[in-house]
Amino acid sequence: MKATAKAHTNIALIKYWGKRNEELILPTNSSLSITLDLFYTETTVEFDERLTTDIFYLNGEEKGTDETAKVSRFLNHVRKLTGDTRFAIVSSQNHVPTAAGFASSASGYAALAAASSKALGLELDGKELSKLARRGSGSACRSIYGGFVEWKKGVKEDGCDSYAVPILDQKAWNLSILSVMIESKQKKILSREGMKRTVQTSPFYDGWLKATEQELRIAKKAIEKRDFEMLGETLEKNAFKMHATTLGADPPFFYWQPATLEIIDCVQHLRSQGLLAYVTIDAGPNVKVICQPDDERKVFQTLNEIDSVKEIFVCHPGPGISYL
Ligand code: PMV
């Protein structure tokens, strides 16, 4: 009754931003991501009838009530699927810089979904696993697959048609994703809270929904044609629109820091020199710069000269879920 799974994190090129159902984690729009090779979570889950509560270790350290409660809430979904009532020891190793716009929740819940369902003897296919991971964190449903992945928002109220599908294998198109770290402090407004406030109060939210549907279509076409410029332009516009909705929220908020803008400026400058590089930003101040592998070195060197850049992680498309 023990299983270990490994899941990689992903970066959205077309963002998931807003829920239509908070409880079931159903999104208002479909999204598209690349699973990353460098960042991952390995999780072991062991159910044991002698336990009187769930226990959660993160990077070897036993976590307190709040974090363990989140894991327990997730395990309840798996327990419900099987009718098993036993508690579990969950032990996760996170190879992701946590909570700074690097989505550790994506790899975390994807690995937890895979390990816990396997430990209880469930043989879930990709679709069912994706739906289960989604209950932990929306973006986690995309980490079930490697390469380029689309999360279809679905329209059903019970969420049965809201899951991720693979659209292009990790080996089919190599791109470079430079994760530029400017700040490693805990982010102030978690994505869950940020998107909720935006949906409820931002007059720009309707514009986001309209645009993002169109941008998703363009991004998919660009992936199909391996048209990097078309993909890059689309993903950058999409990220800026997502962040624009937060400025219209009440109270308004934003995730950017001065260094975020410095990096955007630097990438735009590279582009004015003919080098194709584009930025995307999640619910935090760090920036991911996407370019073609031939330009990776030049982009790395240029970004590395910015004083406020602490570290740059160079990623490429990575694999989906695996069991260890
Ligand atoms: O899955 P969550 O709740 O961590 O939300 C992710 C939200 C963004 O990272 C901003 C966008 C995305 O699609 O990953």
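Positions are given from 1 along the sequence. Numbering of ligands and ligand atoms starts at 1, following listing order.
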TODO: Answer side chain, backbone, both or neither: which part of S31 comes under 4.0 Å from ligand 1, heavy atoms only.
DONE: neither

Task: Test item: N286 side-chain N/O and I182 main-chain N/O as donor-acceptor pair under 3.5 Å - done: yes

Open item on the list: I need the atoms of ligand 1 closer than 4.0 Å to a non-hydrogen atom of S191, numbered in the order shown.
Closed with: 2 (P), 3 (O), 4 (O), 5 (O)

Task: Per-atom contacts of ligand 1 with S105, taking only distances under 4.0 Å to non-hydrogen atoms - done: 4 (O)

- [ ] Check T85, D54, D84 against R79 for a side chain to side chain donor-acceptor pair (under 3.5 Å) and give me the one that passes.
- [x] D54

- [ ] Inspect the contact between K15 and D282 and indicate whether a charged nitrogen and a carboxylate oxygen are less than 4.0 angstrom apart.
- [x] yes

Task: Member of T9, T35, N10 meeting the side chain to side chain donor-acceptor pair (under 3.5 Å) criterion with R142 - done: N10

Task: Interfacing atoms of ligand 1 (cut-off 4.0 Å, heavy-atom, S139) - done: 1 (O), 2 (P), 4 (O), 14 (O)

Open item on the list: I'd like to check which ligand 1 atoms, numbered from 1 as shown, lie under 4.0 Å from a non-hydrogen atom of M195.
Closed with: 5 (O), 7 (C)

Task: Donor-acceptor pair, side chain of R135 and main chain of I25, under 3.5 angstrom - done: no

TODO: Can you figure out which of D282, N29, I25 has its heavy atom closest to atom 10 (C) of ligand 1?
DONE: D282

- [ ] Could you list which atoms of ligand 1 come closer than 4.0 Å to a heavy atom of G138?
- [x] 1 (O)

Open item on the list: I'd like to know if the side chain of T280 reaches the main chain of E236, judged simply by a donor and an acceptor atom lying under 3.5 Å from each other, with no hydrogens or angles considered.
Closed with: no

TODO: Select one of side chain, backbone, both or neither to describe which atoms of R192 lie under 4.0 Å from any atom of ligand 1, heavy atoms only.
DONE: neither

Please output the side-chain donor-acceptor pairs of residues 199-207 that fall under 3.5 Å, not counting sequence neighbours, one pair per line with the distance.
{"from": "T201", "atom 1": "OG1", "to": "R197", "atom 2": "O", "distance (Å)": "2.6"}
{"from": "T201", "atom 1": "OG1", "to": "D250", "atom 2": "N", "distance (Å)": "2.8"}
{"from": "S202", "atom 1": "OG", "to": "F204", "atom 2": "N", "distance (Å)": "3.2"}
{"from": "S202", "atom 1": "OG", "to": "T245", "atom 2": "O", "distance (Å)": "2.8"}
{"from": "Y205", "atom 1": "OH", "to": "W17", "atom 2": "O", "distance (Å)": "2.5"}
{"from": "Y205", "atom 1": "OH", "to": "T28", "atom 2": "OG1", "distance (Å)": "2.5"}

Open item on the list: Heavy-atom distances under 4.0 Å decide this one: backbone, side chain, both or neither, for R142 against ligand 1?
Closed with: side chain

- [ ] Output the list of atoms in ligand 1 that are nearer than 4.0 Å to some heavy atom of A12, sorted by atom number.
- [x] 12 (C), 13 (O), 14 (O)

Open item on the list: Looking only at distances, can you tell me whether any N or O atom of S137, backbone or side chain, sits closer than 3.5 Å to an N or O atom of ligand 1?
Closed with: yes

Could you list the donor-acceptor pairs under 3.5 angstrom formed by side chains in residues 313-324, with sequence neighbours left out?
{"from": "H316", "atom 1": "NE2", "to": "E296", "atom 2": "OE1", "distance (Å)": "2.7"}

